Amino acid sequence: VADGMGGHSHGEVASRLAVDAIQDSCVAADRSDAILLLRRSIEVAQEKVLAAIRAEPALLGMGTTVVSAMLIDETLTIAHVGDSRCYRARNGELELLTQDHTWVNDMVASGQLTHAAARAHPLRNVITRAIGGADGFEVTVTVTKARPGDLFLLCTDGLNAMLSDDDIAARMTTGCSLPEIGVGMIEDANAQGGVDNITVVLLQVEEREEPWRAAPHVGVSGARGRARRATDSI
């Protein structure tokens, strides 16, 4: 999931370059080391976006956040830059597995802001790391064990800026189908104002005898009241 910045057209260029670079890097690569693979794929995305800016100065200022995940056996590896997030719902409880690379989150971590104050802060959208940013670029990688029944959500901040974690948890723990959960969250966010584009990807871990695998994932995106669905097998 990538969320472009720098105006609609420039942001779309950056996010598309990043997604294509990450997919291309992962498809033909050795997946024995997911940490190295995801980190390197995002570094390649960074190189592609910076090269595009150098080739076309009008694109200066464009960038994108990204959050990506790879499930191998029972291990989920998450890599992200910026404020696109990964959540996990397990046994009725929601957990945020990533930490936003934003100014307000740094202030919360240092004890200078509360979580409640951060949600309403006028600088809450100031990102401290992004693909396309030459300063302070660093990929954060998180590794967690996946269990049967786990439901993972990758999303842009267009979702969590409108919905609280409690709101997201209420949708993710309903037991509904993945398309119903994804579309429902987008509808909820749009009902709260839907001021930004929203993209979500859901991945459900199923219990199977052999081979151990994840269920198909569903990606859903919507922009201020519109939504579309796409399903791909893993």
Side-chain angles (χ1 to χ4, degrees), residues 1-3 65-71 74-80 82-102 104-105 107-109 113-121 124-125 140-207 214-225 227-231 234:
V1 170
D3 189 10
T65 69
V66 69
V67 59
S68 59
M70 180 174 290
L71 181 65
E74 299 179 15
T75 300
L76 187 78
T77 303
I78 307 156
H80 83 288
D83 62 354
S84 291
R85 293 181 171 184
C86 179
Y87 289 91
R88 176 180 59 204
R90 173 184 287 173
N91 297 327
E93 300 291 332
L94 186 73
E95 181 179 2
L96 177 61
L97 299 179
T98 55
Q99 292 296 319
D100 296 346
H101 298 145
T102 60
V104 295
N105 194 58
M107 294 298 101
V108 170
L113 275 179
T114 65
H115 286 285
R119 284 190 63 82
H121 199 283
R124 62 188 178 277
N125 294 323
T140 297
V141 178
T142 304
V143 179
T144 186
K145 288 295 182 182
R147 300 177 185 172
D150 284 351
L151 177 59
F152 294 95
L153 164 68
L154 308 182
C155 66
T156 60
D157 70 328
L159 182 76
N160 56 267
M162 296 291 100
L163 302 182
S164 69
D165 285 0
D166 287 343
D167 295 330
I168 293 171
R171 280 290 183 181
M172 290 184 68
T173 57
T174 59
C176 294
S177 70
L178 301 193
E180 288 173 329
I181 293 171
V183 171
M185 285 192 291
I186 288 177
E187 290 175 346
D188 291 346
N190 282 323
Q192 294 298 320
V195 298
D196 201 355
N197 290 339
I198 306 161
T199 298
V200 306
V201 172
L202 293 161
L203 182 144
Q204 176 81 59
V205 180
E206 291 184 343
E207 187 159 12
H217 71 269
V218 174
V220 187
S221 63
R224 289 180 294 278
R228 63 180 185 274
R229 288 183 284 176
T231 305
I234 296 176

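Not measured: the values here are computed from a predicted model. Numbers for residues simply follow the sequence, beginning at 1.
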At what distance, to the nearest 0.5 angstrom, does [atom1] of [X] lie from [atom2] of [Y]?
{"X": "M172", "Y": "D165", "atom1": "CE", "atom2": "CG", "value": "10.5 Å"}
{"X": "M70", "Y": "L76", "atom1": "CE", "atom2": "CG", "value": "10.0 Å"}
{"X": "I78", "Y": "T144", "atom1": "CD1", "atom2": "OG1", "value": "6.5 Å"}
{"X": "L178", "Y": "Q204", "atom1": "CG", "atom2": "CD", "value": "6.0 Å"}
{"X": "H80", "Y": "L97", "atom1": "NE2", "atom2": "CG", "value": "10.5 Å"}

Would you name the heavy atoms of [X] and [Y] that are closest together and state the gap between them?
{"X": "D196", "Y": "G158", "result": "CB-CA, 4.0 Å"}
{"X": "I198", "Y": "A189", "result": "CD1-CB, 3.6 Å"}
{"X": "L113", "Y": "A117", "result": "CD2-CB, 4.0 Å"}
{"X": "I181", "Y": "C176", "result": "CD1-O, 3.4 Å"}
{"X": "G182", "Y": "V200", "result": "CA-CG2, 4.1 Å"}
{"X": "L71", "Y": "A146", "result": "CD1-CB, 3.9 Å"}

Less than 4.5 Å apart, side chain to side chain, heavy atoms only: is that true for [X] and [Y]?
{"X": "R147", "Y": "V205", "answer": "no"}
{"X": "T75", "Y": "V143", "answer": "yes"}
{"X": "R85", "Y": "V67", "answer": "no"}

- Determine the sole option in T140, T65, D83 for which the side-chain hydrogen bond (donor to acceptor under 3.5 Å, both in side chains) test with H101 is passed.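 Of the listed residues T140, T65, D83, the side-chain hydrogen bond (donor to acceptor under 3.5 Å, both in side chains) partner of H101 is T140.
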
- Listed once per pair and sorted, the side-chain hydrogen bond (donor to acceptor under 3.5 Å, both in side chains) pairs that draw on residues 152-162, sequence neighbours left out: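 Output for this query is empty, none listed.
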
- Show the numbers, then the answer: is there a side chain to side chain contact (heavy atoms under 4.5 Å, CB included) between M162 and V195? CA-CA 8 Å; M162 296 291 100; V195 298; 3.6 Å; yes

- Item | side chain to side chain contact (heavy atoms under 4.5 Å, CB included) partners of A169, counting only residues at least two apart |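 L94.
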
- Query: Do L153 and M185 pass the side chain to side chain contact (heavy atoms under 4.5 Å, CB included) test, and can you show the C-alpha distance, the side-chain angles, and the key distance before you say yes or no?
  - Reply: CA-CA 11 Å; L153 164 68; M185 285 192 291; 3.9 Å; yes

- Message: Determine whether a donor-acceptor pair (N or O, by modelled atom type, separation under 3.5 Å) exists between the side chain of N105 and the backbone of T102.
- Response: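 Looks like no, no N/O pair under 3.5 Å.
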
- T98 side chain to C86 backbone, donor-acceptor under 3.5 Å: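 Indeed, once roles are kept as given, a pair shorter than 3.5 Å links the two residues.
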
- May I ask you to decide whether R88 forms a salt bridge with E95, counting only side-chain N to carboxylate O separations under 4.0 Å?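 Judged by the 4.0 Å cut-off on N to carboxylate O distance, R88 and E95 do form a salt bridge.
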
- Run the numbers on L203 and V201 for side chain to side chain contact (heavy atoms under 4.5 Å, CB included), then give the verdict. CA-CA 7 Å; L203 182 144; V201 172; 5.7 Å; no

- Pairs where residues 181-190 contributes a residue and the test salt bridge (charged side-chain N to carboxylate O under 4.0 Å, His left out) is met, not counting sequence neighbours: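 Sorted pair list: R171-D188.
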
- Item | Worked check of side chain to side chain contact (heavy atoms under 4.5 Å, CB included) between I168 and L159 | CA-CA 9 Å; I168 293 171; L159 182 76; 4.2 Å; yes

